[in-house]
Amino acid sequence: MATSSAYPPPPPYYRLYKDYEKDPSSAPEPPPPVDGPYQLFGATYTTDVVLPSLEDQGVRQLYPKSPNIDFKKELRTLNRELQLHILELADILVERPSQYARRVEEISLIFKNLHHLLNSLRPHQARATLIHMLESQIQRRKQAVEDIKQRREEAQKLLGESLLILDGNQPSLPAM
């Protein structure tokens, strides 16, 4: 009967770090970051963060293709259209249940367009979130500086009073 290990042996890379404790500079440098397209599990990926267009995904775009899109207006329009299609779907399901597939496809198309519009707002959302986080950090740091200044003034006042008491210029504080 053969014995087997519950865990596989470590990869041979650990030998590269055998002198690390004595000389940390003996460890190999990390590999450079991947830039451009690369293969992973048979699929090709890229390091460019680009939102593919709806046409690239094989989906019909329901809003204008101009670079200056009024997101608020288009999202409202798609939302109203979605509500209308859902009501029509409910009506079709009641009156002619066999014809629901076309409405479901239209609703799916509207959802894909809404999803794409919302994803195109992600960079703006990330910037706004970062700005908010930085502003709150600045506010907390300003508050901390004010708190330190206040405590410093209190400490200086106490030190001044203590020096006066020690010099005997002022009567001592009443005992508690």
Closest non-hydrogen atom pair, Ile110 against Leu78
CG2-O, 3.6 Å
Shortest non-hydrogen pair, Tyr100 vs Pro97, comes out as CD2-O, 3.1 Å
Between Glu106 and Arg103, does any NZ, NE, NH1 or NH2 come within less than 4.0 Å of an OD or OE carboxylate oxygen?
yes
Roughly how far apart are Thr77 OG1 and Leu82 CG, rounded to 0.5 Å?
12.5 Å
By salt bridge (Lys or Arg N to Asp or Glu O under 4.0 Å), Lys65 pairs with (sequence neighbours left out) Glu55
Could you grab the distance from atom CG of Leu87 to atom CD1 of Ile92, nearest 0.5 Å is fine?
11.5 Å
Hydrophobic cluster identity match, Leu84 and Leu62, side-chain contacts under 4.5 Å:
no
Full working for side chain to side chain contact (heavy atoms under 4.5 Å, CB included) between Arg127 and Leu130
CA-CA 5 Å; Arg127 278 191 299 276; Leu130 182 61; 5.7 Å; no
For the CD atom on Glu95, are there more than 12 heavy atoms of other groups (residues, nucleotides or ligands in this structure) within a distance under 6.0 Å?
yes
Closest non-hydrogen contact found for Ser26 with Asp23 is OG-O, 2.7 Å
Is any side-chain heavy atom of Tyr38 closer than 4.5 Å to one of Thr44?
no
Tell me whether the count of non-hydrogen atoms from other residues, nucleotides or ligands lying under 6.0 Å of CZ in Phe71 goes above 12.
yes
Mind running side chain to side chain contact (heavy atoms under 4.5 Å, CB included) on Val145 and Arg141 for me, showing each step along the way?
CA-CA 6 Å; Val145 167; Arg141 289 178 181 175; 5.5 Å; no
Using a 4.5 Å cut-off on heavy atoms from C-beta on, say whether the side chain of Gln150 contacts that of Asp147.
yes
So, Arg80 versus Gln83: side-chain donor-acceptor pair below 3.5 Å or not?
no
Given 3.5 Å as the limit, does a donor-acceptor pair link the side chain of Asn79 with the main chain of Glu74, or not?
no
Among residues at least two apart in sequence or on other chains, which ones pass salt bridge (Lys or Arg N to Asp or Glu O under 4.0 Å) with Glu81?
none
Check: Ser108 side chain, Val104 main-chain N or O, donor-acceptor pair, under 3.5 Å
no
Would you give the length of the straight line joining atom CD of Gln125 to atom OG of Ser120, rounded to the nearest 0.5 angstrom?
11.5 Å
Are any of the side-chain heavy atoms of Tyr63 and Leu54 separated by less than 4.5 Å?
yes
What I'd like to find out is whether the side chain of Leu89 reaches to under 4.5 Å of the side chain of His85, using heavy atoms alone.
no
Non-hydrogen atoms of Thr47 and Val34 that approach each other most closely:
CG2-O, 3.4 Å
Heavy-atom pair of closest approach, residues Lys112 and Val59
CD-CG2, 4.0 Å
Heavy atoms from other residues, nucleotides or ligands near CG of Asp35 exceed 12 (cutoff 6.0 Å):
no
Does the side chain of Pro28 come within less than 4.5 Å of Tyr17's, by heavy atoms?
yes
Exam field: side chain His116 to backbone Pro52, donor-acceptor pair closer than 3.5 Å
yes
Rounded to the nearest 0.5 angstrom, the CZ-NZ distance for Arg151 and Lys149 is 15.0 Å
Could you give the distance from CD1 (Ile86) to CG (Asp91), rounded to the nearest 0.5 Å?
14.0 Å
Looking at CG of Leu158 and CD of Gln156, how far apart are the two atoms once the value is rounded to the nearest 0.5 Å?
10.5 Å
Output yes when a side-chain donor or acceptor of Asn113 lies under 3.5 Å from a complementary backbone atom of Leu109, and no otherwise.
yes
Decide side-chain hydrogen bond (donor to acceptor under 3.5 Å, both in side chains) for Arg96 and Gln99; before the verdict, give the C-alpha distance in whole Å, the side-chain angles of both, and the deciding distance to 0.1 Å.
CA-CA 6 Å; Arg96 336 177 260 291; Gln99 300 176 356; 2.9 Å; yes
